[in-house]
Number of protein chains: 2
Amino acid sequence: MKYREFLMLHTLHHAEKGPITGTFMMKELRNHGYKISPGTMYPLLHEMEIKGLLKSRWEVRNKKRVRIYEITKKGKKALEEGRKKVAELCRELLGE
Amino acid sequence: MKYREFLMLHTLHHAEKGPITGTFMMKELRNHGYKISPGTMYPLLHEMEIKGLLKSRWEVRNKKRVRIYEITKKGKKALEEGRKKVAELCRELLGE
DNA sequence: ACACCGATATCGAATTTTGATATTATGGTA
DNA sequence: TACCATAATATCAAAATTCGATATCGGTGT
């Protein structure tokens, strides 16, 4: 499980709760100690859409045009898989 | 928390249980789904020694000369810090 | 129409990882 | 002793990834 997968996992986690945008995710990740640059975030979201984990549409929010991403069925599956890996990681590093 | 920090954390985790070597850690990480090349592993161990998280010595095992790494007091502290971060990660992604 | 603002997109530079290859010491053989 | 095979460690150029400054794009107010 590489770094980029963790970023995807976080993204899916938030997308599961509700629609997300690029700036929202950057702030959210920042709050959890992940300083992600736009040059990583936007291509990441795009890649996730290509992979079918998210689907996007344009929308106007706060008088700004933003791209809204929503999680797909495939994305939810990937999220569950990712959670299993994190659970394993916890068992491994934090004990049973 | 970047990828390299996760690798360090895993390494400290194993070093806490007992002395480790480069090849041992590569195999161990492989078993947990992290495919690390020697070009990452050895410089990582060296960096960790420079940072004072591990200390090393040469030893002969199975008729081969290996570098043995042991965790230091500073390494144990770093391990605890890392575990806290993983625990946060789990709470965040897996729920309370 | 125009300027400003903020979200998204882009891309060359900087950083990190890879993986093939080199180095090194050991044990065995002659 | 000299030489070879083996395996662990070390190295480094190439590939992959991330950064971050800059560009683009559309909405809003004047």
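Every chain is numbered from 1, with letters handed out A, B, ... down the list of sequences.
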(request) Whole angstrom is fine here: how far is it from CG in A:Asn62 over to P in C:dT8? (result) 11 Å

(message) When you measure from the side-chain N and O atoms of A:Lys2 to the phosphate of C:dT18, is any distance below 4.0 Å, counting only OP1 and OP2?
(response) yes

(message) From the set C:dA7, D:dT28, D:dC19, return the single nucleotide nearest to any side-chain atom of A:Ser37.
(response) D:dC19

(message) In whole Å, I'd like the distance from the CZ atom of A:Arg61 to the P atom of C:dA7.
(response) 12 Å

(message) Taking A:Glu16 first and then A:Arg83, would you say they form a salt bridge - that is, a charged N and a carboxylate O separated by under 4.0 Å?
(response) yes

(message) Less than 4.0 angstrom from a charged side-chain N to a carboxylate O is my criterion; do A:Glu80 and A:Lys77 meet it?
(response) no

(request) Over all heavy atoms of both residues, which pair between A:Ile36 and A:Met26 is shortest? Give the atoms and the distance, please. (result) O-SD, 3.6 Å

(message) Here's a test of your reading of the structure: between B:Lys64 and B:Pro38, which maps to the more 5' nucleotide of DNA chain D?
(response) B:Lys64

(message) Just the rounded figure in Å: distance from C1' of C:dG19 to CE of B:Met41.
(response) 16 Å

(request) Using whole Å, report how far CD1 of B:Ile36 lies from P of C:dT17. (result) 8 Å

(request) Report yes if at least one side-chain N or O of B:Tyr42 is closer than 4.0 Å to OP1 or OP2 of D:dA10; otherwise report no. (result) no

(message) Expressed as a whole number of angstroms, how long is the span from B:Ile50:CD1 to D:dA10:P?
(response) 12 Å

(message) Heavy atoms from C-beta onward define the side chain here; which of C:dA9, C:dT24, D:dC19 lies closest to that of B:Arg65?
(response) C:dT24

(message) For A:Lys51, is there any backbone N or O sitting under 3.5 Å from a side-chain donor or acceptor partner on A:Lys74?
(response) yes

(request) Let me know, please, whether A:Val60 or A:Arg4 comes out on the 5' side of the other along DNA chain D by nearest nucleotide. (result) A:Arg4

(request) Kindly point out which of C:dT10, C:dA7, D:dA8 is positioned nearest to the side chain of A:Pro43? (result) C:dT10

(request) Using a heavy-atom cut-off of under 4.0 Å over every strand shown, decide if B:Gly22 touches base, sugar-phosphate, or nothing. (result) sugar-phosphate

(message) Rounding to an integer number of Å, can you tell me how far B:Phe6 CZ sits from C:dT16 C1'?
(response) 17 Å

(message) Rounding to an integer number of Å, can you tell me how far B:Leu44 CG sits from C:dT15 P?
(response) 18 Å

(request) Measure from CH2 on B:Trp58 to C1' on C:dT23 and round the result to the nearest Å. (result) 10 Å

(message) Taking only side-chain N and O atoms of A:Thr23, does any of them lie within less than 4.0 angstrom of OP1 or OP2 on C:dT8?
(response) yes

(message) Looking only at the side chain of B:Lys63 (C-beta and beyond, no hydrogens), which of the listed nucleotides C:dG27, D:dA10, C:dT17 gets closest?
(response) C:dG27

(message) Between B:Arg57 and B:Glu70, does any NZ, NE, NH1 or NH2 come within less than 4.0 Å of an OD or OE carboxylate oxygen?
(response) yes

